[in-house]
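Since the structure comes first, as C-alpha cells, the remarks are kept for the end.
Residue numbers begin at 1 in each chain, while the letters A, B, ... track the order of the sequences.
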Protein chains: 2
Amino acid sequence: MQSERLPTLEDVARVAGVSRATVSRVINGIRNVDPLLHEQVWSAVDQTGYVPNRLARSLVTRRTGTVALVVSDSETHDDDPFMSRFFSDPYFGRVVGGLMSVLRPAGIQLALQMVGADGHRRLIGDLRNGQADGAVVLSLPARDPLPALLAEAAIPAVLIGRPAQPVPISYVDLDNEAGAALAAARLAAHDRRRPAIISGPADVPASVDRISGFRRAMARHGHPWVPLESGNFTQESGEQAMRALLAAHPGLDAVFVANDLMALGALLVLRDAGLRVPQDVAVVGFDDSSAAVAARPALTTVRLPLEDMAAEAARMLLARIDDPGTRVTSVIYEPTLVVRETT
Amino acid sequence: MQSERLPTLEDVARVAGVSRATVSRVINGIRNVDPLLHEQVWSAVDQTGYVPNRLARSLVTRRTGTVALVVSDSETHDDDPFMSRFFSDPYFGRVVGGLMSVLRPAGIQLALQMVGADGHRRLIGDLRNGQADGAVVLSLPARDPLPALLAEAAIPAVLIGRPAQPVPISYVDLDNEAGAALAAARLAAHDRRRPAIISGPADVPASVDRISGFRRAMARHGHPWVPLESGNFTQESGEQAMRALLAAHPGLDAVFVANDLMALGALLVLRDAGLRVPQDVAVVGFDDSSAAVAARPALTTVRLPLEDMAAEAARMLLARIDDPGTRVTSVIYEPTLVVRETT
DNA sequence: GGAGACTTGGAGAGCGCTTTCCAAGCGTGG
DNA sequence: CCACGCTTGGAAAGCGCTCTCCAAGTCTCC
C-alpha cells in the first residue's frame, strides 16, 4: 500500500505534456478543452494507472461523496452487548439494503458511525469538517439529544423514524397509528372480543403510536380497554410478555404485537400453552420482516416498508446535500396489512 | 454545515499565542512541550471548539482511521436484487456486529463498500490512495478475482471465509469439514440410516467443505453415498431442495442442511408433508443464527461463531495495518454442535 | 486590417494538517 | 568565562487536488 508512490495529477500532466490544471479539467469533465488534449490526457491517465485521490479532492471541494449511517444509542455504552443484538436484528440489514439501493448507483459511500452516551460532540465535529456530507440517523433511545444537535449544527440529516421531541429535521416514518388500526380492524372483523397488546418500550414514539392506534381503533369497535404488556422488541421479551398476558387474562383471543420478533416469541408461548393459532388466539405482528414468513403459522403482520423508507431517506438526504436550502420535509408511509395464517 | 468557517489549527494557535506546530504537537501528544504552553493550548482548543480535520490529517499521515468492509459480488450487477437479500440475511449483521466490537473501541470507522462485476479496479485504486487503511472482505462468488488483486496491490486485507483459490492473504474461517462431521456423527449416533444433504452453491468453498465433510464422515459410519440437492442459502431454495429430496428419496430419515435459513425451509416442507421432526426425519442446520432458535422445533445446528470470527478478522487487520510486515496467517475456528429439538 | 469579444491553457494560491529542519535559550564542565 | 550539548519553539515545505485569475491565441466584424 505504501510501497512505491502512486501516480498523481502532476505525473499525468507531465506524461500528457500539459499542465496540472488541464488534467484536472479533463478529469472533472469541464468543457473548454481542446479535443486533442482531451484525448492525450485520457491516454496518459491510462498509461500511468492514475486514480484521483479522494482525500485531497475532498479537502478542497468540501465534498466527500460519503454519507454516514449513524446508529445512535445514547443510553448504552461501548461494552454493552445491546449493540450486537441490534445488528443481528433484521431491521439493521433492511435499512442498509435500502440505503445502498440509492447510494450505490449515485456513487456514494456509506460509513457506519455508532455513537454512545458520550460521543455526540465528537460526532458532530467530525461530521462538520468533512467526515461525511450528511447523515442518516437511526435513533434508538427515546430522549436522544442527537437530532437536536444535528439540526443546530446545520448538518444535512434525515432520521428514520420520528424523533421523540419535535426537531427541525426531515424524517421518514410509517403511520404507526394507522398500521395498528389496520390490525385492530382485522381482529375485530373476525369477531375477536378479548384482545391484548404486546408493545415495545413505552417511550419510543413508534411504540407509543402503535399502542394508541390500536387502542383507539379497538375502542371504536367496542372494546374500550385493552390490556398491555411491554417488551423490548426481542423475541425473548415477546415470550415473557405473552406469558404474563396469559397469566393475567386467560381468556384472551387476540394479540397485537408491536414487532415480528416479539410475535415469534408469543407464538411459541401460545403453542406451549396448548393454544391454537388462529383458532383460539389470533396474532398480528408488525414489520413484515423475514421472521413473519418463517413463522409457523406464518404471521399476519403490518407491513413496514423499511427498504423503501431507507431508500427515500437516502434520496432526501442527497437532495438536501445538493441544495441545503431544501425545506425540512417528512414522508409518512401508509401501512398495509399482510394477511397470513395467524388471523 | 458550510455556514461559518470552522476553527482551524491556525486559529487555536493564534488564541493560544503559539505557533501552529506547537498546537499540533500538543494535540498529538508529543512530549517536549512546556507544561505551561500545553495548558494554554488545550484551553484555546476548548475556547474555539476546535476539532481536527481528519481529511487534512489523513492527507499527510496516510492514515485514515477507517477500514472498509468490502462486499464483493463480481457476478451480479447494481440493479440485482440479490444484494438486498444479502443484507437482510442475519449473516451480514453478525459480521458487522463482530467487526464493530473491536473497531469501535479502537476508534476506527467502518465504511461499507460494495463492489460488483466491474468495480474492482476502481476499488483497488480508492483503497490504495487512502480511502481506507485496509479491508475486511466478504467475498461471495466462487471465482472472485478480488482477493488476488488485493494481494497484488499489497493492501492490508483479511478475508472472512477461505478464498476459492489459494491467495497470499490472511483469512478467518471455520473448519467446515469438521462441522459437517459433527452433524454426521450426531445423526449416525441416533441411528439414522438414510441421510441426505441440502447444500449451498457447488462452487463456494464453504459449501464444498461441508458436503465433503459430511459425506466422508457418513462413509465412515457406513453410508458410502449420500444424496444431495443444492440451494443458494435462502429459505425458499431450502424448501425447493427439500421437496426434490423427498420426491426422489421418500424414505430419508435425516437431512443435513448447509445453513439455518435453508433448514427453516426444509422444516416447513417436512411439516407440510406430514413428517414429524425429529421422529421421522432428523434435521441439522449450520450457522446457529437466530433463525435456529426461532424455528419450531428448535433447530439442532453447527455453530458458526461469526461474531468472534469477524472480531478476530478485525484484530488481524489492525495488526497488519500497524505492521505491514506481519505474516499472512489464517485462523480456523473449531465448530461445535448445538443440540436442540430437531435431532 | 485592426480592435474587440471569445476561447483555451497555465501559473499559483490555497484546503488544514504534519513534520523536518533550524535557531534560540538553557545548563554544564573545563 | 566561554565552548559545547541539550531542550524547546517556530518557519516552512509539502500531502494531492481544485479553481480563480490572467495571458495568449483565435475569430469576427466594421
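Scored by the salt bridge (charged side-chain N to carboxylate O under 4.0 Å, His left out) test, A:E39 finds no partners at all (sequence neighbours excluded). Not counting sequence neighbours, the partners of B:S19 by the side chain to side chain donor-acceptor pair (under 3.5 Å) test are B:T22. Not counting sequence neighbours, the partners of A:R122 by the side chain to side chain contact (heavy atoms under 4.5 Å, CB included) test are A:D126, B:R54. For A:T8, the side chain to side chain donor-acceptor pair (under 3.5 Å) test picks out no residue, with sequence neighbours left out. Residues satisfying the salt bridge (charged side-chain N to carboxylate O under 4.0 Å, His left out) criterion with A:R14, sequence neighbours excluded, are A:D11.
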For nucleotides 12-20 of chain D, read 5' to 3', which letter fits each nucleotide if B means a protein heavy atom sits under 4.0 Å from the base, S means only the sugar-phosphate is that close, and - means neither? -B-BBBBBB
Between B:L123 and B:Q113, is the side chain to side chain contact (heavy atoms under 4.5 Å, CB included) condition met? List the steps. CA-CA 8 Å; B:L123 175 73; B:Q113 297 263 8; 3.8 Å; yes
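Each end of the helix from C:dG1-D:dC30 to C:dG30-D:dC1 gets its own axis, taken as the rotation carrying the C1' atoms of four end pairs onto the next four within a five-pair window, and the two axes meet at 60° to the nearest 10 degrees.
For B:R14 and C:dG16, the CZ to P distance is 12 Å, given to the nearest whole Å.
For residues 147-165 of chain A, the salt bridge (Lys or Arg N to Asp or Glu O under 4.0 Å) pairs, not counting sequence neighbours, are A:R162-A:D209.
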Please tabulate, for side-chain N and O atoms in residues 314-326 of chain B, each donor-acceptor pair with protein atoms closer than 3.5 Å (sequence neighbours left out).
unit_1: B:R315; atom_1: NE; unit_2: B:E312; atom_2: OE1; d: 3.3
unit_1: B:R315; atom_1: NH2; unit_2: B:E312; atom_2: OE1; d: 3.4
unit_1: B:R320; atom_1: NH1; unit_2: B:T326; atom_2: O; d: 2.6
unit_1: B:D322; atom_1: OD1; unit_2: B:R63; atom_2: NH2; d: 3.4
unit_1: B:D323; atom_1: OD1; unit_2: B:G325; atom_2: N; d: 2.9
unit_1: B:T326; atom_1: OG1; unit_2: B:D323; atom_2: O; d: 2.5

